[in-house]
Amino acid sequence: MNIKLIRLQVCGLALLPIAAFAQTIPLAQDSYVVTAPASGVNFGSAVTINVTNATTSNGSHAVVQFDLTALPSGTTAANIAKATLSLFVKTVGSAGTINVSLANGSWTEAGVTGLNAPVPGAAVASGVAISAGSANTYLSVDATAAVQSWLNGTTNSGFIVTANDGVVGVTFDSKESSTTSHPATLTITLASSGPAGPTGPQGPAGPQGPQGSQGTQGTQGTQGPQGSVGSTGAAGAGYAATSTSSLTVGTGSMTFATQSGLAYSAGARAKASSAANTANYMEGLVTSYTGTSLVINVDTTGGSGTHADWNLNVAGNVGPTGAQGAQGTQGAQGAQGPTGPAGSYGTGSAPTGIPMGIGAHNTSIISTTSFYFNPATSVQVGASSLTPEAAVITPAACTPSMKIWSYLGVSMTWNLTTVTPSSLTDVWSQGSTAGSCTTAASSGGNVQTCTMTGLSQQSAGTLLTLSQSAWAGSTAYGFFSAFSCQ
């Protein structure tokens with residue numbers, strides 16, 4: 001019985017199918033060339049590869065090549081069970097048929113043109129139909145014989161796709177497409193006569209890609225309700241109010257010396273009665289209170305006479321401040337915005353749009369000579385001087401920009417000049433002119449403007465001053481200036 005069982009087990013092993021697995025080969029390069037008439041333009045970075053009728057103007061061929069070194073070491077033609085070439089049809093300009101062949105001749109993605117492109121070799125698939133409804137679908141052809149031929153020693157120059165008739169016009173996605181992102185693929189199914197070997201160790205993780213831009217901030221939550229206002233304090237009691245001189249009953253504004261440490265609201269009702277004769281009183285509204293002096297705008301009088309001592313009562317003294325209401329519940333946090341696209345590594349270019357300063361000035365120009373004074377002093381040089389007009393310091397390496405608004409003056413030229421500070425003298429040394437512009441003459445309050453653009457880049461920490469030149473006179477003028485770092 002044991003012998004029979006052993007024979008059945010051996011027969012069962014013999015009936016097991018041959019193991020097979022599929023592998024997608026990476027696309028090494030793709031492009032297209034214009035052949036009618038032959039063009040020397042390279043389209044290696046285009047987002048599509050185009051195939052159009054080669055007998056008319058702008059006829060084009062597509063070329064793609066795959067890296068077979070990605071196959072397992074020792075793979076031979078006998079191990080290839082099936083190979084499939086797939087192209088993603090992006091658009092169909094005109095239905096027709098195409099041919100897929102081996103490319104007969106070497107080429108590079110960055111260098112291939114209509115003047116040096118390879119020609120079709122052995123056919124892979126002929127008369128493949130492209131219909132008007134083929135857009136946004138995959139077109140696949142059997143490329144088993146082509147892959148086996150390359151593994152048997154034929155030079156791998158990839159595939160070339162050409163028009164088969166005089167009407168076809170189709171575009172396929174290239175590997176540079178960032179919208180639909182469907183580059184050509186070559187899927188190879190390998191057959192093996194033995195069991196698969198053990199899984200190799202996992203390779204090291206690739207470098208982390210650049211962080212994408214921060215997503216849009218979510219909507220702020222609804223603010224909680226405001227706490228209730230504290231209750232108004234009780235009316236204060238009456239008290240004696242004295243003054244340095246006697247007050248005569250009458251109309252008008254009366255001032256009383258009061259106790260310190262009390263508070264009153266303007267508009268509160270106040271009444272003062274004579275301590276000697278309560279029939280004499282003054283009544284009105286509080287108009288101001290400075291801590292120890294209360295002013296009443298009297299609108300009602302009673303009695304008569306002059307009296308030195310008064311009893312003062314203010315209806316509704318301001319009571320102690322009520323407790324602050326509890327803070328409302330914080331609104332729910334807004335949903336996080338979508339993650340932005342991956343950021344670039346940057347180009348190191350200067351920052352843009354950094355506002356640096358703005359100034360308004362009104363001065364009298366004495367001469368065309370420009371002097372640059374230490375801002376800490378007011379020393380003038382000789383008989384000529386220039387009131388400092390504008391000075392800025394660049395926060396980073398950038399290209400400066402200056403706009404001038406001039407009025408009530410004549411035509412003048414403005415210079416933005418670098419200045420080197422000196423600790424040994426009040427006069428700082430003038431450097432190069434970073435830029436200039438000229439405003440036209442203005443009259444009657446009309447404003448004239450000019451803008452300095454296209455200036456040379458300045459390093460971080462450069463001190464720049466604004467001055468005028470090409471005009472002499474004593475007419476007063478005014479101007480505004482705005483500086484930014486581009």
What class does the angle between the rings of Phe43 and Tyr32 fall in, given that below 30° is parallel, 30 to 60° is tilted and above 60° is perpendicular?
-> parallel
Nearest heavy-atom neighbours spanning [X] and [Y]:
X	Y	result
Ala135	Lys90	CB-O, 3.8 Å
Ala38	Gly114	CB-O, 3.6 Å
Lys175	Pro183	CA-CB, 3.7 Å
Ala163	Asn53	CB-CA, 3.8 Å
Leu139	Ala129	CD1-O, 4.4 Å
Ser134	Val89	O-CB, 3.4 Å

From the list Thr84, Asp67, Val147, side chain to side chain contact (heavy atoms under 4.5 Å, CB included) with Leu186 holds only for Val147
Paired with Val100, the side chain to side chain contact (heavy atoms under 4.5 Å, CB included) test is passed by just one of Ile160, Leu85, Val51, Val64, namely Leu85
I'd like to know if the side chain of [X] pairs up with that of [Y] as donor and acceptor (distance under 3.5 Å, no hydrogens or angles considered).
X	Y	answer
Asn152	Ser149	no
Thr185	Thr24	no
Ser456	Gln458	yes
Thr91	Thr171	yes
Asn99	Ser101	no

Going through the distances and angles, do Leu190 and Lys82 end up as a side-chain contact (heavy atoms from CB on, under 4.5 Å)?
-> CA-CA 7 Å; Leu190 299 177; Lys82 186 177 179 66; over 6 Å; no
Does [X] reach the side chain of [Y], with side-chain heavy atoms less than 4.5 Å apart?
X	Y	value
Thr449	Thr439	no
Thr162	Ile98	no
Thr451	Met402	no
Pro118	Val63	yes

Carefully, step by step, assess Val124 and Phe159 under the rule side-chain contact (heavy atoms from CB on, under 4.5 Å).
CA-CA 9 Å; Val124 175; Phe159 302 94; 4.1 Å; yes
